[in-house]
Amino acid sequence: MYDYVLKELPQLVESELPLTDKRSISGHSMGGHGALICALRNPGRYASVSAFAPIAHPTTCPWGEKAFKGYLGDNTESWKEWDATLLIPEAVERLPLLIDQGTADGFLENQLNPEALVGACEQHSHPINLRMRNGYDHSYFFIASFIDDHLSHHAKALGLS
């Protein structure tokens, strides 16, 4: 999926549509994790990044441990390059992170770990705007409620507003 989102999909879209070379990336949950990873691992590729309820520190949560073991094997050292929180200290580019997280999200306590990402960002002077949204869960209603903010965030970074 990483190669598809990073290379294949943009090549297809850019070959068919009259676009500029500026890009932004966003995602929800596992896709939010992917958006963060793509931006952090590819400095200069994106003008902005945002995420809704991303899995922010997958090497320390049950979902991440299971997925990483299945895809990357037992060597936990190799997992580090796929964990947004662990990529922050070495990030070459300090692209601001916009993240919305619902306080009623059933995955918040055991899976998402936004506080670890915030801690890493604060420790390494990486700009982050984590907005905890009272009463919102992990649903598409949550995304629909705040997508305009994310679109505005990206439009500003792309010079479209």
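Just so it is clear, the values below take in all heavy atoms, side chains as well, and ignore hydrogens, waters and symmetry mates.
A donor atom on one side chain and an acceptor atom on the other are not found under 3.5 Å apart for N113 and T85.
Between the side chain of W82 and the backbone N or O of G34 there is no donor-acceptor pair closer than 3.5 Å. Put simply, the side chain of Q111 gets close to the backbone of W63: a donor and an acceptor are under 3.5 Å apart.
A salt bridge links R23 with E14: the closest approach of a Lys/Arg side-chain nitrogen to an acidic carboxylate oxygen falls below 4.0 angstrom.
Applying the 4.5 Å side-chain rule to ILVMFWY residues, one finds that L98 remains a lone member of its cluster.
When side chains are defined from C-beta on, I99 counts as touching P54, because their heavy atoms get closer than 4.5 Å. Annotation: side chain of T20 is not in contact with side chain of L158 (no heavy-atom distance under 4.5 Å).
Centroid-to-centroid, the aromatic rings of F52 and F146 stay 6.0 Å apart or farther.
Within a 6.0 Å radius of CE in M132, more than 12 heavy atoms belonging to other residues, nucleotides or ligands are found.
In this structure H28 satisfies the ring pair (Phe, Tyr, Trp, His ring centres under 6.0 Å) test together with H138, Y140, sequence neighbours excluded. Residues forming a salt bridge (Lys or Arg N to Asp or Glu O under 4.0 Å) with D137 (at least two apart in sequence, or on another chain): none. Take E16 and apply the salt bridge (Lys or Arg N to Asp or Glu O under 4.0 Å) test, not counting sequence neighbours, and it matches no residue. Legend: residues meeting side chain to side chain donor-acceptor pair (under 3.5 Å) with T59, ordered by chain and number and at least two apart, are D83. Residues forming a side chain to side chain donor-acceptor pair (under 3.5 Å) with K69 (at least two apart in sequence, or on another chain): none.
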Worked check of side chain to side chain donor-acceptor pair (under 3.5 Å) between H150 and S50: CA-CA 7 Å; H150 286 246; S50 72; 2.8 Å; yes
